[in-house]
Structure formats: structure tokens, C-alpha cells
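When reading the values below, keep in mind they use all heavy atoms of this one structure, side chains included, and skip hydrogens, waters and symmetry mates. Residue numbers start at 1 and run along the sequence shown. For ligands, and for the atoms within them, numbers begin at 1 and follow the listed sequence.
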Amino acid sequence: MDVTTNIKPGNALDVARIRQDFPLLSRKMNGKPIVFLDSAASSQKPEKVIDAISEYYRAQHANVHRGVYQLSQDATTAFEAVREKVRDFINAPASEEVIFVRGVTEGINLVASSFGRKFLREGDEVLITAMEHHSNIVPWQMICEEKGASLKVAPINEAGELIMEEFERLLSDRTRLVAATHVSNTLGTINPIREMVQMAHAKGIPVLVDGAQAAPHMKVDVQELDADFYTFSGHKVFGPTGIGVLYGRAKWLNAMPPYHGGGEMIKTVTFEKTTYAGLPHKFEAGTPDIAGVIGLGAAIDYVLEIGQDAITQYENQLLAYATERLKEVEGIRFIGTARNKASVASFLVEGIHPYDLGAILDKMGIAVRTGHHCTQPLMDWYGIPGTVRASLAFYNTTEDIDRLVEGVKKAVAMLR
Ligand code: PMP
């Protein structure tokens, strides 16, 4: 395939124009025009998101769900409109199933703590995969330890694909929940969530999906996936930090105890007893990140304006281009070569520590991530200290990739 000619701006997306929406992309780093290839850690923000937050604080701010006065009611309307927008974005059946959280980390902790307290008993099991981010490992370890339950791990093959027969085999009479990532932040692997959910549901087991690395790159439909919980972070979908979403099936959320106690999540309080509010407020104690929600709404509008199918198509082509070009680097070893991948190229170069490579690229204005990417058990499985990870968004170009490849070649020549 001639990948170079396939992805000129104006084909799937007008990337040259899109880049103008992102003020940060025109700045320099270490005196060089920045090549930003760390969107898997956090993506950059379009002007519309920055402006929406600023405008909110300038003209619309008041606490939500409380005031009888107009300003508070308007803030509440704007806030709740984003809940509906998110519902539509992930095709959730009802907006009350959309809980605002700080991000994926909090979304998973909420389910681990609340679902775990209610449904986990001694001897029970929680099943995760070998490619999980620490935030989809540690909360389960914590609750399993508390409850005397155990954590099971479904293995992967050398390419970084889940071994489905093993996954199915590990779904036992004792499995109370499956928690799996939709897309691996280290390998780029897209997991077959729909099939995994089918296998789990066949045994009556609910499934939580970590959507941190999926939501920025593809259309997510929680009904099509049939997921019981799905969580994503605002800052990875071109929105602000500190805000994220947990979708949960009402059946489960209604059966789960609250996570945080405080204002907003109650129906009545006496010193003797408190009754709780219904969904979604039961899980949203205290003043929420209102500006974050407004910014997230603007980010969703922006992504939809560009078009999710166009984003996926463009990024697939750019990833193919990056993979082909990186093969020019002598001694390169890709970590994560799954057939079904999204937007991540993780690699090592023989004889060179990833950190040294990253540090030299930084001097050239190229931002990549080096290290274990919060997936230490996965790095242990591969027997490596970490990788260099270039992660893409729709604002990246073939020129970014060309500078990366030239940079890696130069760095390798210096370090060898
Ligand atoms: N899961 C995955 C797969 C991730 O990539 C990340 C972020 N690196 C997280 C969870 C945690 O997301 P956050 O830090 O936004 O809570």
C-alpha cells in the first residue's frame, strides 16, 4: 500500500486546518517546532474547548442543582445538557446512567469500591487481562484483598493480543466481574470487547470496560458492546483534565451503594439515618467539576464536527505509515503488533535504553513517552524495562512521523 499518498491533508481530514484549532501545536519545544506524539497520555485542546471553559467562568458560573436564581438554573441546564450529550456520544440508553467522575481512574475505583463492597465475597474472583493499565489493576487488588477475593489475569500472545480461549476458560463460577481495557495504552491492541462481553454474559458475569484509549479514536456504542460499565477521561478526548465519565447499567448502579457521601447525593438526612438520591446524583457527592463538564461538552462537539469515522480512518492510515517508516530504523523491535490496533507505536531499539532515546528526541522538539506507561506487569511479561511510545491523534501528520523517524535514526547513531 502506498501509505504516503493516501493521507495527504484533504483526503480523509483537512489536518492542516485542524492543526490551527490547537494553539499549543504551533509552539516550540527546546527551540524546535513541537512534534507532539504523546496524546495517549493526554491530548491537546482545541480553542473551542479553552474558550468554552473561559466563557463559562466569565459569564455563567454558579453552583448547580441548588439555586432558585436564574444564573444557577442556567448553569444546571448547561451542565445537564452535557450529560445528555455524553449519553448520545456513547449511545447509553439513559442519561441517568452517565456519572461524572474525575477520569477513568476514579471511574474504576468507584466500581471496584462500590460494586466490590456489595457483591464480592471471600473466594470470589475478578478477571482482568495482562495488558491492563495500573488503574485497572490496583483498585481490584485493593478490594480483593479487603474481601478475600482473588484477581485472575487473562494472558496475551507475543503480538499483544488477548488469548480468547484462555479468557473464556478463566470465566469461572466464582468470577463476579470482568474488567478489561478496550484499547491498550502501551500496545495499541484493540480488544474484541463485544465477544468478551458475550462470553462473560453467557455465564452471568458483568463487564467493565476501560475506554481511556478508545474514546479518542473511535465511535463507542455501549449498547452495541453490551458493556455493563464503560469509563473514559475528558483529557484524552481533547477536553479538560479532572473530568471523566462512568457509564453504568442502571440495574447495577441502582444495586450498588454510594461511593462518596456528602451533599447532592442524598434524599433526606437525619443524624440517625440518611436516604440516598436516585441516579445519577447518588454517585455525584459534592460540587462537581462544572467547568470541566462544560469543557467536555465542547470537546465532544468538536470531535463530532470532525467526524469519528474520518478520525479512525485517518489515524489508521497514519499508524500504518508510522509503522512502515519506523521499520527503517536498524535494530527496531515493535512491542504490540496486534492485527487490530489503534494509534500507538511502541518500540525499542536494540542496545539503547528507551529513556536515553526519549531524552535525545526531546532536545529535537519531539515529545514521546518512555517507560512502563503504567503497565509494569505487561513490561515484566515482555521482559523489558519499558518502551518508547509514539501515540497519535488526528492532528498529527506524516511530517510529524518523518521527524520522529529522522530523530530516532540520529539518536541511534549518537548512542551507538
Ligand atoms: N486506562 C488506560 C488504558 C489509560 O491509558 C489511562 C491513562 N494513561 C488510564 C486508564 C487512566 O486514566 P486517567 O489518568 O485519565 O484517570
Can you name the nearest heavy-atom pair linking [X] to [Y], along with the distance?
X    : Y    : answer
S391 : N396 : O-OD1, 4.1 Å
D289 : G242 : OD2-O, 3.3 Å
V220 : A215 : CG2-CA, 4.1 Å
A62  : Y56  : O-OH, 3.5 Å

Is the side chain of K147 donor-acceptor paired with the backbone N or O of R117 at a distance under 3.5 Å, no angle test?
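Such a contact is found between K147 side chain and R117 backbone.
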Give a yes or no on whether the backbone of T181 and the side-chain of N191 come within a donor-acceptor separation of less than 3.5 Å.
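At least one qualifying donor-acceptor pair exists.
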Contact check, side chains of S346 and L187, non-hydrogen atoms, under 4.5 Å:
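In short, these two side chains do not touch, never coming nearer than 4.5 Å.
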Please determine if E406 and R403 form a salt bridge, counting it only when a charged side-chain N lies under 4.0 Å from a carboxylate O.
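Salt bridge between E406 and R403, a charged N being under 4.0 Å from a carboxylate O: no.
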When you measure from [atom] to every protein heavy atom, which one gives the shortest distance, and what is it?
atom                   : result
atom 1 (N) of ligand 1 : D210 OD2, 2.5 Å
atom 8 (N) of ligand 1 : K236 NZ, 2.8 Å
atom 5 (O) of ligand 1 : Q213 NE2, 2.7 Å
atom 4 (C) of ligand 1 : H133 CD2, 3.4 Å

Of the listed options (T105, N109, V101, N185), which comes nearest to atom 13 (P) of ligand 1 when hydrogens are ignored and any heavy atom counts?
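Looking at heavy atoms only, the winner is T105.
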Should one rank G107, S42, S135 by closest heavy-atom distance to atom 9 (C) of ligand 1, which comes out on top?
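Of the listed residues, S135 has the closest heavy atom.
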Could you list the atoms of ligand 1 found under 4.0 angstrom from a heavy atom of S233?
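Taking each heavy atom of S233 in turn, ligand 1 has 12 (O), 13 (P), 15 (O), 16 (O) under 4.0 Å.
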Which atoms of ligand 1 sit under 4.0 Å from any heavy atom of T181?
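Per the distance check, 3 (C).
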E106, any N or O under 3.5 Å of ligand 1 N or O:
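Looking only at distances, the answer is no, because the N/O contact criterion of under 3.5 Å is not met.
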Could you see which bit of V104 sits under 4.0 Å from ligand 1, with heavy atoms only: side chain, backbone, both or neither?
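It is both backbone and side chain that touch ligand 1.
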Heavy-atom pairs closer than 4.0 Å: do any link ligand 1 to the side chain of H235, the backbone, both, or neither?
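The side chain, only.
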